[in-house]
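Everything below concerns the one structure shown next.
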Amino acid sequence: MEEKFIAAWENNRAAAALMGIRMRPLDLKGAKRVLSGSRLSDGFGDLKAKRQLKLSLEALAVDKRFTSLFTDEEANEALSRLLEAGFYL
């Protein structure tokens, strides 16, 4: 499952790069660290401005394919960030 998450993140990074948005590579440990902190993921603001939050780390963390990889706290933080940005699943 972790490999599928990493592949999905790489696909999202590639799509964002085509829009001129840079997001750094992350493994699962790095993704969990981002969601445990207070900073938004790389590119979140730019993705929001382009109405492409579906490509964000936060959106992947609440994707039903990957929810088992994250704690409730991490998933709730991701969902809160998305909702605050006006993104509804």
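Only heavy atoms go into these numbers, but all of them, side chains included; no hydrogens, no water, no symmetry mates.
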### Task
Check the pair Lys54, Phe87 against side chain to side chain contact (heavy atoms under 4.5 Å, CB included), reporting the backbone distance first and the verdict last.
CA-CA 8 Å; Lys54 65 184 178 188; Phe87 181 77; 4.1 Å; yes

#### Entry: Same apolar cluster: Met1 and Leu26, side chain cutoff 4.5 Å
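Yes, same cluster.
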
### Task
Indicate the atoms forming the closest heavy-atom contact of Leu55 with Ala16, along with that distance.
CD1-N, 4.1 Å

### Query
Taking all atoms of both residues into account, what is the closest heavy-atom pair of Gly43 and Ile21, and its distance?
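That would be CA-CG2, 3.9 Å.
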
### Query
By side chain to side chain contact (heavy atoms under 4.5 Å, CB included), which residues pair with Ala78, not counting sequence neighbours?
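If we apply the side chain to side chain contact (heavy atoms under 4.5 Å, CB included) test to Ala78, skipping adjacent residues, the hits are Leu35, Glu58, Ala61, Val62.
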
### Message
Using the side chain to side chain contact (heavy atoms under 4.5 Å, CB included) criterion, which residues pair with Thr71? Sequence neighbours excluded.
### Response
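Side chain to side chain contact (heavy atoms under 4.5 Å, CB included) check on Thr71 returns Lys32, Glu73, Glu74.
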
## Note on the structure
Contacts of Phe5 meeting ring-ring contact (aromatic ring centres under 6.0 Å, His included) (sequence neighbours excluded), chain-then-number -> Phe66, Phe70

Is the shortest side-chain heavy-atom distance between [X] and [Y] below 4.5 Å?
X	Y	value
Arg22	Arg24	no
Arg13	Pro25	yes
Phe44	Leu82	yes

[atom1] of [X] to [atom2] of [Y]: how many Å apart, nearest 0.5 Å?
X	Y	atom1	atom2	answer
Asn12	Leu47	CG	CG	8.5 Å
Asp46	Leu53	CG	CG	10.5 Å
Asp72	Leu79	CG	CG	11.5 Å

### Task
Could you tell me whether the side chain of Ser56 and the main chain of Ala59 form a donor-acceptor pair under 3.5 Å?
yes

### Query
Do Glu84 and Arg81 meet the salt-bridge criterion of a basic N to acidic O distance under 4.0 Å?
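No, this pair does not count.
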
### Query
Is the shortest distance from a Lys or Arg side-chain nitrogen in Asp63 or Arg65 to a carboxylate oxygen in the other one below 4.0 Å?
yes

### Task
Would you sort out whether Lys4 and Glu2 count as a side chain to side chain contact (heavy atoms under 4.5 Å, CB included), showing the intermediate values?
CA-CA 5 Å; Lys4 289 181 181 183; Glu2 185 174 339; over 6 Å; no

